[in-house]
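Just follow the structure's listing: the first ligand is 1, and inside any ligand the first atom is 1.
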Amino acid sequence: MALFLDQYADIFALRHALDSKQISVKELTHAVLGDIKQTVSLNAFVDVQPELSLAQAEIAEQSLARGQAGALTGIPLAHKDIFVTEGWRTTAGSRMLANYRSPFDATVVQALLKAQTVSLGKLSCDEFAMGSGNEHAATGPVRNPWDHEVVPGGSSGGSAAAVAAGLILGATGTDTGGSVRQPAALSGICGIKPTYGVASRFGMIAYASSLDQAGVMARSAADLALLLDAISGFDPRDATSIETCRGVANAPGRILSDYASFNDTKNTQPLAGLRIGVPTEYFGDGLNNNVAQAVEQALVVLESLGAKRVSISLPNTALSIPAYYVIAPAEASSNLARYDAVRYGHRTENYTDLADMSARSRTEGFGEEVRKRIMIGTYVLSHGYYDAYYLQAQRVRRLIAQDFQRAFADQCDVIMGPVTPTVAPAIGSLSTDPTAEWLGDIYTLSVNLAGLPGLSIPCGFAPGHRSQPLPVGLQMIGNYFDEGRLLAVAHQFQLATDWHQRRPGAST
Ligand code: GLN
C-alpha cells in the first residue's frame, strides 16, 4: 500500500515541499493521520488524537506563513510511549498506567514541540522499556513492516515500525541497553543514542536511571543530526544532564556544528585518516554468518572511502550481559517502587489492607517480564547479596568502560560492528527461552554501561524467518560527545550506498 510520505526520501525532501508550498502542513498531517488509520495492523501507535496533531500543524503552518520556519517546522513525528505527554495518554506499555495522563511534557517532547514538529501521537514500547522485541507491551506485539510475522525489535519497537513503514519521518526512542539502536537495525532504519547526559531524562519514565538515555530514529543520518540537535542540551531538571563537555556548552547547535565540521571534505576519500576499531569479540560465536557478511561489506565500503581498519579487543564484552542484567533490574526495582497504587496507576478492586492493596495492584498491573526484573533487582540489592552481585556488577561496569577508553586512547577513532547477532526473530519465538532475548543484547549493552554514544544504520539484508530478506544494522560507537563524528561518518556511508533508502514492500 502506498503511503503519503513515500514520495519524500527524508526530512530535507519534505522540508523543500513545505517551504515551496507544494503542500501545507495541515494537508500533510491529515494525510498522515489517514495512513495511520490504514495501517493499524502494525499495532505501532497506542494513542492518536487527530485534533491535537492538527492544532500543532496549525501553529507550524502559521510560522511558515510568517517566513519563520525552522529545519523541523511541520515535520511529522511521534513519541515512544515512555515519554510523558500532555494530551496524549502515557502508559509506558503497562497496564499499571493504562489510563495515565501527564500534566506536563517531557523535556525532549517539549524541545521537539518548540522546533515546531507535529506529533502524531504515542508509539508502542515494551513495558517500562524492558525487552528486545516489543512483545512485552500491554497492547500486544508490534509488527515489523518488512515481515508482519517478525518483531520490529525493542523496546522502541513502535517507533522503529512507524518510521520503517513510512508513517512518520522521525521518532523518539530511549536506549537503556540498546533500545534505539537494536529496533532501528531490525527494522532497517537509523537510530542514535547520544552520550549519557546529552539529552534530558526529565519526563522519561524511569527504567534504569544510570543507563537510560533518550535518542532519535529516522531514515538517514542527516535527519538524525537535525533531530538529535533539537533534543540535546542541558536541563536543570535532570540531575545527570551535562552542562558542558570538553569546555563547550552542550547547547542546541552543538551536534549539527560537529556533524558539519566532520563533513566538510568533498573529495573521493572523505574518511581519509579515520581509524575504525573492529573488536574481535563482536565477531565470535553466536553471530549469524549472513549478518557478519553484511557488516563486513559495509566496512569494505568505508575503507574505500579512505578509512583504515584496525583490529581491537574489548575483552570484557561477554561480561556486559551479566553486569547489565544485575544493574538494570536493581535500578528498576527501585524506580518501580513508586507504583504503589496510592500515588500512581492501577489499583486493585478487592483488598484487605494497605500492604495487600499494593501487592495485589502490582501483581495485576505489571506484566511477567517486569515482575521478573523487580524480583531479580530486589534480590541483588538485598543484605548479604549486595556485595556479591550488585557491587561486583558495578566493578565489571568500570572494566567495560576502561576497555573502550583504552581503544580510543591510541588505537581508533570509532568502533564498528554488528548491532545484533541475528536479523529480527519471529513473533513469539523468544518466549520459550527466558534468557534468549537477553543474549541478543550482547553488542549494545556495553555502550550504555560505559555511557558512550552509539548509532545504528542499515547496511544490508540477510535471510530471516521463512527466508525473507530482513534488514541488518551496522553499529558505530564513538567516544564521549563524539556523536557529530558518528553522524558524519554515517552520512558519508549513506552518500556511497543506498541501504537506507530501501523500503519494505519494494524489492530489496
Ligand atoms: N533489551 C534490554 C532490556 O530489556 C534493553 C532495553 C532498553 O534499552 N530499554 O533491558
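For the salt bridge (charged side-chain N to carboxylate O under 4.0 Å, His left out) with Asp175, the qualifying choice from Lys193, Arg201, Arg181 is Arg181, the only one to do so. Here the options are Ile189, Leu228, Ile11, the test is side chain to side chain contact (heavy atoms under 4.5 Å, CB included), and the partner is Asp223; only Ile11 passes. Exactly one of Asp238, Thr174, Thr107, Thr172 qualifies for a side chain to side chain contact (heavy atoms under 4.5 Å, CB included) with Met204. That residue is Thr174.
Taking a 6.0 Å sphere around CD of Glu368, one finds it holds 12 or fewer heavy atoms contributed by other residues, nucleotides or ligands. For Tyr344, the OH atom counts as loosely surrounded, since its 6.0 Å shell holds 12 or fewer non-hydrogen atoms of other residues, nucleotides or ligands. Within a 6.0 Å sphere centred on NZ of Lys114, heavy atoms belonging to other residues, nucleotides or ligands number 12 at most.
Taking every non-hydrogen atom of Asp175 and a distance limit under 4.0 Å, the qualifying atoms of ligand 1 come out as 8 (O). Remark: ligand 1 atoms within the under-4.0 Å shell around heavy atoms of Met130 are 4 (O). Every atom of ligand 1 with a heavy atom of Gly177 under 4.0 Å away is listed here by number and element: 5 (C), 7 (C), 8 (O). Near Ala129, meaning under 4.0 Å from one of its heavy atoms, ligand 1 places the atoms 6 (C), 7 (C), 9 (N).
The side chain of Asp441, and not its backbone, has at least one atom closer than 4.0 Å to an atom of ligand 1 (non-hydrogen atoms only; side chain from C-beta on). Residue contacts with ligand 1, taken as heavy atom pairs separated by less than 4.0 Å, involve Ser179 via backbone and side-chain atoms alike.
Taking a 4.0 Å cut-off on heavy atoms, Arg373 registers as neighbouring ligand 1. By the 4.0 Å heavy-atom criterion, Ala328 is excluded from the residues contacting ligand 1.
For Glu127 and His136, the side-chain atoms include no donor-acceptor pair closer than 3.5 Å.
Checking only distances, Thr174 never comes within under 3.5 Å of ligand 1, N or O to N or O. Geometrically, ligand 1 and Gly178 share a nitrogen or oxygen pair separated by less than 3.5 Å.
Counting only non-hydrogen atoms, the option in Tyr324, Trp438, Tyr325 that gets closest to atom 5 (C) of ligand 1 is Tyr324.
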query = Hey, mind stepping through Arg95 and Glu364 against salt bridge (charged side-chain N to carboxylate O under 4.0 Å, His left out) and telling me if it holds?
reply = CA-CA 8 Å; Arg95 284 189 59 205; Glu364 290 167 12; 5.3 Å; no
